[in-house]
Each structure stands twice: as structure tokens, then as C-alpha cells.
Amino acid sequence: MSGGSRIRVASHIAALPPSGIRRFFDLVSGMEDVVSLGVGEPDFSTPWRISDAAIEALQRGYTSYTSNLGMLPLRSAIADYLRTEFGVEYNPETEILVTNGVSEGLDLAARALLEPGDEVLVAEPCYVSYKATVSLAGGVPVVVETRAEEEFRLRPEALEAALTDRTRAVLLGYPNNPTGAIMTREDLLPVAEFAARHGLAVLSDEIYAHLRYEGQHTCFASLPGMRGQTLLFNGFSKAYAMTGWRLGYVCGPEEIIGAMNRIHSYTALCASILAQFGAIEALHHCQHERDEMIDAYNQRRRFLVNGLRAIGLECFEPLGAFYAFPSIKSTGLDDEEFAEALLEEEKVAVIPGRAFGESGKGHVRCCYATSMSDLRTALERMAAFLDRLPRQV
Amino acid sequence: MMEKVLRILEEDCRVPIDEIAQRLGITEDEVNKLIAEAEESGAILGYGAIVNWAKVRPDRVYAFISISAHPEHNIGFDEVARRIARFPEVHSLYLVSGTHDLTVVVEADDFREIASFVAERLAPIQGVQSTATSFVLKGYKLEGRMIDSGDGPQRLAVSP
């Protein structure tokens, strides 16, 4: 009965592809003096009064577990915030679950909703975890491409075309990472009608809800009939510069939140109590700091988009998140060649669009949550890089 | 819009006009006009670097002097405040609420210079009742900038 080791990585994990940005991360890691537009987080530190509230909680001895759902004062603050800002009502007792970032929330949702082989329509280009999260839960991600010509907005015809008997849910994230695209209420309505017609759950990742530079964000759950079919994901990472705190939340029908909380209670137990104290402070007292940061992003957004266009790259107007997603097709390079050459020759890091799905190819993601001086340097270096390329006919 | 232009200049007064225009989505002419207006109205008092002199002249001395003064009929503290403000040693001066009336920030080459300024210039001024001098031992923040707080944390160069 003896023999070799029985320890092995499970085959479905071994087969899981690494995130598309992993290879690029390794390339950048060994280099010095890189100006990076390759990040996916704010360059601001968390507003000090949020950090101070967490320090205060620590000093007063708040170091325990909390309710699985998260502290009730935090859930109540989230409910108030969602009602005031987006006009959606959730019962803080039963319909809100505080998670370790949106990433955990999506994982819980996929595991709570999907049977093996169930399909999820994933709007692409998208955040790198979406498809993996669905696969890990035994589901099948079905890509629904969005296109640059349509400013990367999700169209119901594309959803219809991808629908099968196994389709259970739609997963979308607007304002969008990596494209910076938004969906207006008018854009969302047909998606809601599609979901209603086919009885699908809608997993709406609205982590960038506040980072809108024109018009108001529409919460998917606020659309007619959608509250009962939507899982709304949001968190503190982007709007309050709290990425490292790992704090998000998901809101939805009691039955589904309850199921998700059952998984969460076994696998995570609860989110960090210190992060929860910070988040309460954020919701109660930090609108001003939040809005100042958003105003700074907006200034940088205009500057970067103008700059990219001025050096000859086609770039649609990104109205949300903190990314520009210019096309680099005019250079004759593909997005990976472009990003690698730009990094090697000019030490500017941008992320190839393909890292976010095939429909991102031909584009690169440039993050403008970056200091003005870095944005200036990056644009100068990119201009020099483009000047050296043989001109395309 | 004026406030936004001023905020940008307050942060870095060397930002080129075309960049301000791009960041705010207005024309360069509009930016120039707003700046001219602010200069005209005195909203912009000048353009200077924020110098942490402790780096260059560690021996240089700063002091906060709290002054109790007699207000004068009709003009309050203005007369005595302006008289004090004219001394070149005076870096800034405020009328404040609380236990005293005026707070004066004074800079000088050494302690003795400040001592003699207080004794020979400030104290004898008509209307000045009493002074209390606090010498600055160490600065931690200047004009909204942290001093010597060390390198901030580094973000990962690439993240999703």
C-alpha cells in the first residue's frame, strides 16, 4: 500500500489560468524607475479620519469577531447610504452582508446560485476575477463581448445571442474596469427587461458607482422590478481609497443573502472588525474627502485623455472608474507587443487589454489614479515611443 | 471654477496654464482671465515655494508670540495689528479668539534676535498689553505638507 506522495494540486485548479496581468506584473517587478499606469487602485492613502477611527477602535479593545453579516451599525449606515444616494431600500437586518471586498461577495454569490454546468453571461472586457469566480463555483462563464464602437456598453441583443437553457445569471460591472465605460439608466433598462423576461439573476458590481464624471450612477436594483432579481455589490476600496482594508458588501433578497451568509460564516466568519469601524466612519463623515478625491480623478482623467489623443491614440471618453482604454491599433502592434515594448523602451507600464478578455485586445488600460507628475512623465515617454514607431499607412 | 483654479495653484503654482485648462475642461483664455481676476482682487497674494528652512538653515528660529492688546475706538485692533505686521521679522499675523488677541509668527537668525524684537519693538508699542513667546522646537507640517514623514508606502506597480 506504500507508494509516491498523494499530495497534488486539484486538477481543476491546476487548469485554472493565472490572471492575465500576472505575467505583466512579473515583467515590471524587476525594473527600476517605472512610471506605472498599471495599477487598479487609488494613489491616495485612506482619509486620515477613517484610519484614526480604526486606531481608536483598536485602542478601545475592539478586536473580536462581529456578527457574520457584519456589525449592525455598519449595515444600517450602508442601508441609509444606498437609500440617500441611489434610492434603493435594503433591510439592514436581513438583506445586507458585509464581505472581504467585492471579490468575496462575488465568490459567495456564484457558490450560492450555481449548480455544476450553470451558465453565467459575463460582460467583457471585465475585471480579471469574474470568469474564474464562476468557474471555481462549478459554473460556466459565457462571454458577452462589448465593443469599442459602442463605448463598451452592454447590449441586450448580445445577451440574447448568448442565452441558453442553462443560463442562470448575468454578471456586469459598470462603471467598468478596465474600459472606464458607463451604462446610463437608458442603457440599463433593456438589460433589465432581458433579465426579467428570462428570470435571470443580475450580479451587478458597482464598486465604482461614485466615480462617475457625467450624470448620476443608476443602481441596477433601482430599475423597475429588478430589486428582487439583483445582487448589488459595492464596497469601500475605490471611493474611499480603502483597497487594503478589504471591505465590501452585497445586498439582495433575504433568501439569497442568507444562503451566502451561510457559506461566509464557514469560510470567512466575518470581515475584519477594524475595517468595519473604518467603514462606519467613512459613511458617516467622509463625503467631503471622497468628493475631493473624485474631483482630482476627474482633472487627471481630462488631462490623460487629452494627452493620449494628442499623441495620436484613439480614445473614447471614459466617464467612470479611473481608467482610460485607448486603442493602439493604429500603431500596428498588438496590445501585448505594445505594452511590452513601451515598458522595455520607455519604462511606462500599461496593461494589455487582452488581460481583461479577448474583446479588450487592441487596447491598453491606463490608470489615472496616479499623480499628475507621473501622468506628465508617462505621456512624454509614450509620445517618444510612438514617434519612433514606423508610421502606419 | 475660480476655486478649482486656486486649489490647483495652491498645490503647485508652476502648473502650466494649458494643463490647468485641460484638467478643468475650460479654455486657456478662461484660466488666464480667472488668474488675472484673483491677482487683481488680492485672492492671490503671490507665488512662492513652500520652503522647509530647517533643511537649509537649521539654526533659524521661529516663534509664536501671543499678544494681548487694547482695542481702539472704531478701529478695534487694526491699527496696532498693522503696525506690528510691518516689521520684516513678522512672518504672519492673525487676530484670534481666546485668551489673547493677536498671534504673531516671527522668524529670526537666533533666539537673541527674537528676544530683542519682543523687548525693544513689540512690547513698547502703544496698545500692546502683554506678550507671551513660544519658540518653535520642531515642525511637523507646513502649509498642508507633512515634514519629514518618511517615504509613504509603495503601491504594487501592477494590480488588477
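Both backbone and side-chain heavy atoms feed into the values below; hydrogens, waters and symmetry mates do not. Source: prediction; values computed, not measured. Numbers restart at 1 for each chain; the letters A, B, ... are given by sequence-line order, proteins then strands.
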> If you measure from SG on A:Cys367 to CZ on B:Arg155, what distance do you get to the nearest 0.5 Å?
Replying inline: 6.0 Å
> Out of curiosity, B:Leu24 CG to A:Gln299 CD, how far, rounded to the nearest 0.5 Å?
Replying inline: 5.0 Å
Tell me, yes or no, whether the heavy-atom count around [X] atom [atom1], taken from other residues, nucleotides or ligands under 6.0 Å, exceeds 12.
X	atom1	value
A:Glu314	CD	no
B:Arg121	CZ	no
B:Arg86	CZ	no
B:Tyr94	OH	no
B:Phe64	CZ	no
A:Arg309	CZ	yes

> For B:Ile20, is it the side chain, the backbone, both or neither that has a heavy atom under 4.5 Å from a heavy atom of chain A?
Replying inline: neither
Please flag which part of [X] lies under 4.5 Å from any non-hydrogen atom of chain B: side chain, backbone, both or neither.
X	answer
A:Arg301	neither
A:Thr370	both
A:Arg365	side chain
A:Tyr127	side chain

>> Which heavy atom of A:Phe25 sits nearest to which heavy atom of B:Val158, and what is that distance?
In response: CD1-O, 3.3 Å
> Shortest non-hydrogen contact from A:Ile21 to B:Pro160?
Replying inline: CD1-N, 3.3 Å
> Between A:Asp295 and B:Lys4, is there a salt bridge with N-O shorter than 4.0 Å?
Replying inline: yes
> Under 4.5 Å between any side-chain heavy atoms of A:Arg300 and B:Arg23, yes or no?
Replying inline: no
> Are side-chain heavy atoms of B:Glu19 and A:Met372 found at a separation under 4.5 Å?
Replying inline: yes
For residues 344-355 of chain A, which side-chain donor-acceptor pairs fall under 3.5 Å, sequence neighbours excluded?
residue: A:Glu345; atom: OE1; partner: A:Arg388; partner atom: NH2; Å: 2.9
residue: A:Glu346; atom: OE2; partner: A:Arg388; partner atom: NH1; Å: 3.0
residue: A:Glu346; atom: OE2; partner: A:Arg388; partner atom: NH2; Å: 3.2
residue: A:Arg354; atom: NH2; partner: A:Asp335; partner atom: OD1; Å: 3.1

> Do any N or O atoms from the side chain of B:Ser159 and from the backbone of A:Val39 form a donor-acceptor pair under 3.5 angstrom?
Replying inline: no
> Hey, mind stepping through B:Gln22 and A:Leu304 against side-chain contact (heavy atoms from CB on, under 4.5 Å) and telling me if it holds?
Replying inline: CA-CA 9 Å; B:Gln22 286 184 52; A:Leu304 179 64; over 6 Å; no
> For chain B, which of A:Pro42, A:Pro178, A:Gly244, A:Ser45 has the most heavy-atom pairs under 4.5 Å?
Replying inline: A:Pro42
